[in-house]
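Each remark here refers to the structure printed beneath this line.
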Amino acid sequence: MKNTEKYTRGYFMPPEPCNDWVNKTYIDKAPVWCSVDLRDGNQALVVPMTLEEKLEFFQFLVKLGFKEIEVGFPAASETEYLFLRTLIEQDLIPDDVTIQVLTQSREHIIRKTFEALKGAKKAVVHLYNSTSVAQREQVFRKSKEEIIDIAVFGAKLLKEIAAETEGDFRFEYSPESFTGTEMEFALEICNRVLDIWKPTADNKVIINLPVTVQLSMPHVYASQVEFMCKHLNYRENVIVSLHPHNDRGCGVADSELGLLAGADRIEGTLFGNGERTGNVDIITLALNMFSHGVDPQLDFENIPEVTQMYEKLTGMKVYERQPYGGKLVFAAFSGSHQDAIAKGMKWRQEKDCQHWTVPYLMIDPQDIGREYESDVIRINSQSGKGGIGYLMEQNFGFDLPPKMREDFGYVVKGVSDHQHKELMPDEIKDIFVQEYVNLTAPVQLIHHRFEHADNDMMRVQLEIEKNGQTFQIEALGNGRLDAVSNALQESLHISYSDLVYKEHALSIGSSSQAVAYVGVTGADKKITWGVGIHNDIITASIYALLSAINKLTD
């Protein structure tokens with residue numbers, strides 16, 4: 001590509017090595033979660049949510065377990081101001097939930113913010129101003145000290161007005177555009193704010209380190225976070241928060257490495273909604289922890305419901321491949337993948353496994369409200385015998401012999417390829433029945449009767465119909481099915497070998513029905529399969545053999 005020379009790396013490494021996070025292998029506890037769906041997520045919508053929609057979204061976030069929810073920028077618009085007032089006046093904020101509001105470091109905005117908070121039992125007041133080189137030089141055209149003065153002014157005013165206002169108020173400060181700020185300067189401005197607020201064990205404050213724009217690879221951000229964590233004043237009384245955006249597609253990685261680097265809190269949104277490429281996706285972060293055996297302290301046990309509510313209230317659509325929530329994230333179309341999943345599920349049943357290790361499935365779909373039958377095994381022209389066989393067994397109770405799975409797999413793939421579409425389970429069952437089950441042309445069973453003969457032989461008398469004509473035939477055999485086979489071969493003048501037989505009760509549907517599978521090898525050395533279903537297993541076996549013969553002579 002052209003013009004690569006115009007791009008520089010606009011981020012700053014810490015002035016000292018900050019790589020302790022590298023030695024950690026996983027996140028061992030959930031962070032404090034703060035949803036910013038109602039502010040960051042809402043302002044990114046083409047059509048922002050109405051008051052009623054925001055109230056419904058707020059209550060849903062509470063249901064999911066969020067204890068901190070940013071409800072907006074009350075000084076920025078009448079809708080956001082009214083939303084906050086409605087929450088307070090209608091007593092819609094549970095006692096264990098803290099609302100958060102955003103404010104710039106400007107006096108009239110700060111005062112309007114506290115006016116909107118009148119009557120709130122508790123709240124986080126989130127102060128911010130931009131600190132990056134680009135913002136200082138291009139937007140504000142101010143020196144570092146002038147930028148510090150903006151933060152200091154706001155910090156003092158917050159403390160002053162909070163002291164005069166009834167309610168329990170905590171403070172948060174963000175050096176906006178942190179990732180484009182020199183680390184020494186970011187530390188200096190945060191410490192100047194902290195020296196004003198003087199946090200204590202009973203009155204902690206939040207220092208938020210936003211990835212306002214992603215400028216670096218995630219390991220750089222982790223080193224930046226670690227540097228701040230090591231050098232912030234009052235660190236034991238400071239909650240270090242992260243607010244990653246997703247410009248480089250690294251929002252989740254930034255957050256996870258940032259937590260390893262010492263951060264305590266995450267601000268994000270459901271499904272990563274937000275301006276440009278969005279914020280960090282809290283669902284992905286939380287369920288990533290869940291996949292490592294860590295309780296995320298949020299309730300995502302019904303992801304389909306979360307998806308439905310999100311799409312309804314935001315007007316956005318969840319991408320089919322969105323981690324955990326997308327319709328296809330557990331789907332396997334590939335034959336080899338389907339086979340591995342099917343074998344893995346069978347292994348779990350046989351071994352009574354306590355830990356989840358099924359190939360290709362990072363977590364058990366049922367743990368988040370997804371279903372194996374509809375979500376995991378998806379059938380199209382790329383599918384294989386393992387997946388199709390698994391689907392037939394799980395959905396309809398048919399445990400096909402291995403060789404028959406292969407035969408049926410080719411049939412199903414052929415139909416899917418011809419129709420250029422994915423096949424649903426009921427369509428696959430219909431193909432199975434049409435192709436194999438109780439076939440009556442050209443030969444149909446009318447009646448059968450067995451009797452014991454000499455030398456432990458079995459005699460069968462059959463009444464069959466072929467092409468409209470009825471025949472009475474009989475033969476001896478080592479067993480019932482062998483006798484039927486001998487009778488049919490002799491009367492129909494056909495020859496086959498290597499009869500394969502399997503039977504079982506149907507485990508799904510009518511418990512009184514049995515199913516039999518019969519495969520016969522013709523002169524071309526190919527196995528032809530038939531299936532019989534009947535209340536009587538002997539009759540089902542004869543139906544299966546006749547179905548195979550009807551296919552063989554077709």
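By the neighbour-count criterion of 12 heavy atoms within 6.0 Å, atom NZ of K429 is sparsely surrounded, having that number or fewer from other residues, nucleotides or ligands. At most 12 non-hydrogen atoms from other residues, nucleotides or ligands lie less than 6.0 angstrom from CE of M217.
A cation-pi arrangement is absent between K466 and F471, since the terminal nitrogen or guanidinium carbon is not both under 6.0 Å from the aromatic centre and inside a 45° cone about the axis. Both the sub-6.0 Å distance and the 45° axial angle are not jointly satisfied by R370 relative to the ring of F330. Stacking of K24 on the aromatic ring of W21 is not recorded, the 6.0 Å distance cut-off and the 45° axial limit not both being met.
Aromatic pair Y517/H504: ring centres closer than 6.0 Å. No close placement of the Y221 and H219 rings is indicated, their centers lying 6.0 Å or farther apart. Aromatic rings of F408 and Y436 (six-membered ring for Trp) have centroids within the 6.0 Å cut-off, being under it. Annotation: Y360 is in aromatic contact with H337 [ring centroid separation under 6.0 Å].
Q100 and E267 form a side-chain donor-acceptor contact under 3.5 Å, judged by distance and modelled atom types alone. Side-chain contact, Q461 with Q472: no donor N or O sits under 3.5 Å from an acceptor N or O. N246 and T277 share no side-chain donor-acceptor pair at under 3.5 Å. If you check the side chains of D295 and Q297, you find a donor sitting under 3.5 Å from an acceptor. Side-chain atoms of Y310 and D37 form no donor-acceptor pair, as typed in the model, at a separation below 3.5 Å. Side-chain contact of Y496 with T528: a donor-acceptor pair under 3.5 Å is absent, judged by distance alone. A donor-acceptor pair shorter than 3.5 Å can be found between the side chains of H243 and D40.
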Determine, stepwise, if the pair I69 / W33 fulfils side-chain contact (heavy atoms from CB on, under 4.5 Å). CA-CA 8 Å; I69 302 172; W33 301 106; over 6 Å; no

Between Q322 and D281, does a side chain to side chain donor-acceptor pair (under 3.5 Å) hold up when you go through it step by step? CA-CA 10 Å; Q322 178 83 12; D281 176 6; 2.9 Å; yes

Begin from the C-alpha positions of N208 and I239 and carry the test side-chain contact (heavy atoms from CB on, under 4.5 Å) through to its verdict. CA-CA 8 Å; N208 189 51; I239 299 167; over 6 Å; no

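The closest side-chain heavy-atom distance from H245 to R276 is below 4.5 Å. N42 is listed as a side-chain neighbour of L45, based on a closest heavy-atom distance under 4.5 Å.
Expressed to the nearest 0.5 Å, how far CD1 of I494 lies from CD of Q489 amounts to 6.0 Å. With rounding to the nearest 0.5 Å, the separation of CE in M404 from CE in M392 is 8.0 Å.
Every residue was checked against the side-chain hydrogen bond (donor to acceptor under 3.5 Å, both in side chains) condition with E80, not counting sequence neighbours, and none meets it. Partners of D96 by salt bridge (Lys or Arg N to Asp or Glu O under 4.0 Å), not counting sequence neighbours, listed by chain and number: K67.
Salt-bridge annotation for E474 and R449: absent, with no side-chain N of the basic residue lying under 4.0 Å from a carboxylate O of the acidic one.
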